[in-house]
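Whatever order the structure lists ligands and atoms in, that order sets their numbers, starting from 1. Because only heavy atoms are used, hydrogens play no part in the values below, and waters and symmetry mates are left out as well, while side chains stay in.
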Amino acid sequence: MWFQQGEKGRIFVGRVSYQDDLLFSVENFAVQQGINAGWVTIIGALQRAVFGYYDQQAWLYNSITLEEQLEIVSCTGNISMREGKTRGHLHITLGDNNGNLKGGHLMEGSKVFAAEFFIQEIEKISLERTFDEQTGLPLWEKY
Ligand code: ZN
């Protein structure tokens, strides 16, 4: 285990626009605001969901697409940097019309019906993702 200790930065609270891509909206907002590290929480609803499941043997994300109305029961994650770009890493739990839950690693293509976000900026840390040889994932680099 390793860690860094940061400090609280700015707090942003807002709404993602109707039919915008959920992941891109968060990433674009972070770029506009210059957020290099942060914690994200979102609730709301989607018209379409795309999320992934990481195959730990194949080192690949299997993508799952749901073309239906879904509640964003919970969506949490972080903002950090990868190869000089601001990246959001979000996991999402979705509820269907029977209250059944599905979810995974949020991917490009999730279309917002309505979504409220909370972003806590973290200052005085450096979160940079690099390729991890044990998992095949872009993980935070020790520094
Ligand atoms: Zn993930």
Closer than 2.8 Å to the Zn ion (ligand 1), how many protein N/O/S atoms do you count?
3
Answer yes or no: is there a side-chain heavy-atom contact under 4.5 Å between Trp2 and Lys142?
yes
Check this for me, if you would: do Glu141 and Arg129 make a salt bridge, where the nitrogen-to-carboxylate-oxygen distance has to be below 4.0 angstrom?
no
Measure from the ring center of Tyr54 to the ring center of His105 and say whether it is less than 6.0 Å.
no
Any donor and acceptor pair, going by atom type alone, linking the side chain of Arg10 with main-chain N or O of Gln33 inside 3.5 Å?
yes
Applying salt bridge (charged side-chain N to carboxylate O under 4.0 Å, His left out), run through Glu116 and Arg15 and close with a yes or a no.
CA-CA 4 Å; Glu116 299 169 348; Arg15 212 156 61 75; over 6 Å; no
Locate the shortest heavy-atom distance separating Leu23 from Glu108; write the atom from each residue and the value.
CD2-N, 3.9 Å
